[in-house]
Structure formats: C-alpha cells, structure tokens
Number of protein chains: 2
Amino acid sequence: MRELCLPVGLSGDDLKAVDAAVGNRTRLKKGDSLYRTGDSFAALYAVRLGTLKTTVLAEDGREQVAGYHLQGDIIGLDGLGTERHGCGAVALEDSEVCTIPFEHLEELARDVPPLQRNLHQFLAREISRDHGVMLLLGSMRAEERLASFLLNLSERYRARGYSSTEFVLRMTREEIGSYLGLKLETVSRLFSRFQEEGLLKVSGRNVKLTSVAALRQLVGQRG
Amino acid sequence: MRELCLPVGLSGDDLKAVDAAVGNRTRLKKGDSLYRTGDSFAALYAVRLGTLKTTVLAEDGREQVAGYHLQGDIIGLDGLGTERHGCGAVALEDSEVCTIPFEHLEELARDVPPLQRNLHQFLAREISRDHGVMLLLGSMRAEERLASFLLNLSERYRARGYSSTEFVLRMTREEIGSYLGLKLETVSRLFSRFQEEGLLKVSGRNVKLTSVAALRQLVGQRG
DNA sequence: CGCGCCGTTGATATTATTCAAGACCAGTGG
DNA sequence: CCACTGGTCTTGAATAATATCAACGGCGCG
C-alpha cells in the first residue's frame, strides 16, 4: 500500500498521513455501481484499474454520460462539501478503486497545505474539464465531437503508457452518443465514415487511429 | 464594509477575519472585462451588483458563454489552485464585484473549517451547475433549452427578491444562443413562438413570463 | 440625424434523428 | 455441437430540427 492514490508532491510524514487517509481498494465488476445519484456523499474515489462512467440525471429521468474515467482519475468531486452525490458512477469493465473518506481528507487538507492546494487543483480541473465538454456540446458538429472524443481518449491512454493509436472502447455506441449529445446511429455512421475516409480503422469496439493529424484538423476547423 | 461578500455561517472573530480577506469593490462598466482567459489567477470575485457572463475559449478561437452571473454569485472558481484563468468574465451591464484574494482565502480556509467547507460547497455547486448545462446541451431540444434558461433566470431573480416573472435580459440573442448551443435566429424565433403560444410576452429584452407552468411542462416532457 | 448593432422573419439548405430492417457476436442451454 | 437469444452494431430511407443566407425594421448612442 506504499503506492499513492492521490498523486501529490508530498514527502515524509505528510505522505504517511495521506496514505493513512486512503482506504482500501474496492473491486467492481462490469456494470456495478460505485455510487448512484442521490447517495449520501462520504468519499472520493481514485480509479486504480479499469474504466468508469459518471452519469447525470435530469429531474425528468433523462440520463446522460458526464464523463469517462480511467486509471488515476479522481471521481466523486461533485458531491464534495454537500450531502449527496450529484451523479452516479458505474464500472464499464471490471475495475478497482481506492476510497478516500472525505471527512478525513478535508481535515488533512487543513494541516497539509500542499494537499489543500492539490485538492483545489483537482476541483478546478474538473470544472475546466466540464467547460471543455460544454464547448463540445454547444459548438461542435457531430463529426468534430467524435473526433474530439477519440483524440481525448488517445491522449489519456498515451499519458498512461498505453498505445495512443490503438485501443478498445469500453463503452457502447449509445454511451458514446449520450456523452456527445448524439444518437447511437449517428455515432455508428460517423465511425463508418471516418473509416471510409481513412482516418481510422474500426471493428466493433476496437479502434485504430490511422491519421491523428486529420482528426486534429477536423476538430479545429471552425473559427 | 460590514456586509459579507462570501455568505458563510460564521460568527465573531472568524467573521472579522473573512471580512479582512475580502478586498474592496471594483466597478465595471458594461463591456468591461474582469479577467480574460489565460490571465494569471489571483482572486475570486463576488458579484455585488449587475450581471456578468463567463466565456470559455476553444483552442481554435471559438468562444462560448459558460454562464451568467448575478448578484451574490462567486466567479473565477475554475482558476482555483492553478496558474491561469480558464475562462473570461465580462460585465453585461454596469456592475460591481468584490475581489477575494485567493492566497489569503486559502490560508484562511485552513484556520476556519466552516469556511473551508463553504469553499468546497461553492466548488461542488459550480460542478453541479456545469453538469446541468451539459444535460441541457446534450439532451434537450431548442425549445426546452430556452424554457429551461428562462426558468433558471426566473428562479434566480426570485431568490434575490426581484420579480420572477418580469425581468430584463442583459444579454443579446446571440449570447443566449451561445450559452444554449443555438444560433441567434433560432433564439429569436423561439421567443416569437413562445409569445404566440401565450407562454410569455417579449419586447426586445423585456420578458414577462405569463405561464410558468407551461414552461415547466415544456422542459420536462421527454422521458 | 444617421450609423451600427440588434432583432425579426422568410426561404432554403444542411444536419442529425427517427423508424425500420437486418447482421453480428457472445453466451446459454438443449 | 448447434440453435437460440438478447444485446449491440450497421445501414438505408424518410422526416424533423436547426442552421444558413438574406433582407429589412428599429432602437439607441454618439
């Protein structure tokens, strides 16, 4: 348990204290809910292994994927300082998470300034991430959205030491569509079109990006 | 300066300390930028008077309204714990804001747990707010979006002691469209249609909601 | 008073959704 | 081992929603 779930630039005693704040790992099977919208909030979670999706729920029951979370991501931040989780989290494949009891973390943040700073950065990053999604949903065309999504995944896999051009989608076309504000048929058509145009090769959930440059161009073409 | 910019449930010395952390008011004229995307981050701002918009900027230059902020709202949270502001803020009418130097606030949050908690709540609320916008952009039709926007404004005016059914829009049709992921013509047409259907009366930027119930129904009709 | 931004409205084009049918694939039980 | 089944994915055709292009009216500000 030497390894740290919350990647902070700490040392010595501080580090030990943080270690102590991080609870043990929880295993999740594909389809398991880590928490649901409205569950009482008690902890953050660090994804150790696997992939989760978080979903937001409208009053009328509509549900939408708010994000996909890979190894190293911290989730549950939206419930911070409040009573209840504002969204739900579900494992898209067998996964593992560390529980970080929030009561404890908040206390620790008071004693360890770098940790406080780090927590704030996580929160701000989450807000920035959401702003990026808003930009995507509000001003991009369908093909730009999918290209953007794929490039984002690519980048994140790269940062984790996996191939940035060849990976397995852990979500269905419908889930991708939900995240991108598109219908599943539209997503499917786009994959086919991208393949025709030589941007990628796709076979079910296996994707191989063959022209990252072209995908990039596709995203940034509207002024 | 007895009045508090950051509405916290504090008392006595704590309150005085917070008072001290809140800088003086800044006046903004219509069109003035409070900060721009990329400006170095140093403070949060509490809106004392007036209306501001925050905008996010895509790499390719596209700009989108991320939110409208009224009296009492705290803005600038997205830059928290980072070097730079992730979005820009512009006054839509003559306005006043309090500057809350962040260095100081962060320090204070360590000493005053309720303030820390409060800060976290603000951050979480911002994330939840963004999730609401994502839901709007990702799964609502144009008329639902506009109805939702108007009801949201209505509610916020009500909470501030203003009329919830009759108010002046401080933003252009284009800005509304930018926020809602629609073109200005679409927004204009929707206003006209809503008026025809007796949901509201509109004359330029003056809006009078005549059937809040119908607007509500409009928003929540898709299951 | 006039100029520029803002807003409205119409006609048309484009984009994405909807509806529908069928293919594929993995897991299951006979 | 094979047929069956449910979920997923693909594709086509028709339709609906929204954007685009264009023209004009109006208001406010200098």
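Keep in mind the model is a prediction, meaning the values are calculated, not measured.
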Closest nucleotide among D:dT20, C:dA16, D:dA17 to the A:Ala142 side chain: C:dA16
Protein-nucleotide distance (A:Met140, atom CE; D:dT18, atom C1'), rounded to Å: 19 Å
Report the residues that fulfil salt bridge (Lys or Arg N to Asp or Glu O under 4.0 Å) with B:Arg125, sequence neighbours left out, ordered by chain and then residue number. none
How many whole angstroms separate atom CD of A:Glu185 from atom P of D:dA13? 15 Å
Using five pairs at either end of the helix from C:dC1-D:dG30 to C:dG30-D:dC1, determine the angle between the two local helix axes and round it to 10 degrees. 40°
By nearest nucleotide on DNA chain D, pick out whichever of A:Leu184 and B:Leu190 is the more 5' one. A:Leu184
I need the A:Cys87 SG to A:Leu57 CG distance, nearest 0.5 Å. 10.0 Å
Which one, D:dG12, C:dC6, D:dC9, comes nearest to the side chain of B:Arg205? C:dC6
Could you tell me whether A:Ser188 contacts a base, only the sugar-phosphate backbone, or nothing, with contacts defined as non-hydrogen atoms closer than 4.0 Å? base
Counting side-chain heavy atoms from C-beta on, which of C:dA16, D:dA17, D:dT11 comes nearest to A:Arg141? C:dA16
Between A:Tyr35 and A:Phe41, does the ring centre distance come in under 6.0 Å? no
Students often mix this up, so state it plainly: with edges at 30° and 60°, are the rings of B:His120 and A:His120 parallel, tilted or perpendicular? perpendicular
When the distance from CD of B:Glu93 to C1' of D:dC29 is rounded to whole Å, what number comes out? 18 Å
Okay, side chain of A:Ser192, backbone of A:Leu190: is any donor-acceptor separation there less than 3.5 Å? no
Would you say the side chains of B:Ser178 and B:Gln64 form a donor-acceptor pair under 3.5 Å? no
Could you tell me how far apart A:Gln195 (CD) and D:dT10 (C1') are, to the nearest whole angstrom? 12 Å
Flag, side chain of B:Ser188 to backbone of B:Leu184, donor-acceptor distance under 3.5 Å: no
Choosing from D:dT10, C:dT17, D:dT20, which nucleotide comes nearest the side chain of A:Arg189? C:dT17
Atom CD of B:Glu144 and atom P of C:dT17 are separated, to the nearest Å, by 14 Å
Taking the six-membered ring of A:Phe191, is NZ or CZ of A:Arg173 closer than 6.0 Å to its centre and within 45° of its axis? yes
Give the ring-plane orientation class for A:Tyr162 versus A:Tyr157, where under 30° counts as parallel, over 60° as perpendicular and anything between as tilted. perpendicular
Where the side chain of B:Lys183 is defined as all heavy atoms beyond and including C-beta, which of D:dT20, C:dT17, D:dT11 is the nearest nucleotide? D:dT20
Rounded to whole angstrom units, what separation is found between the CZ atom of A:Phe191 and the P atom of D:dT11? 13 Å
According to a strict under-4.0 Å criterion, is B:Thr186 in side-chain N/O contact with OP1 or OP2 of D:dA19? yes
Near-strand residues of residues 168-182 of chain A, defined as heavy-atom separation under 4.0 angstrom from DNA chain C: A:Gly181, A:Leu182
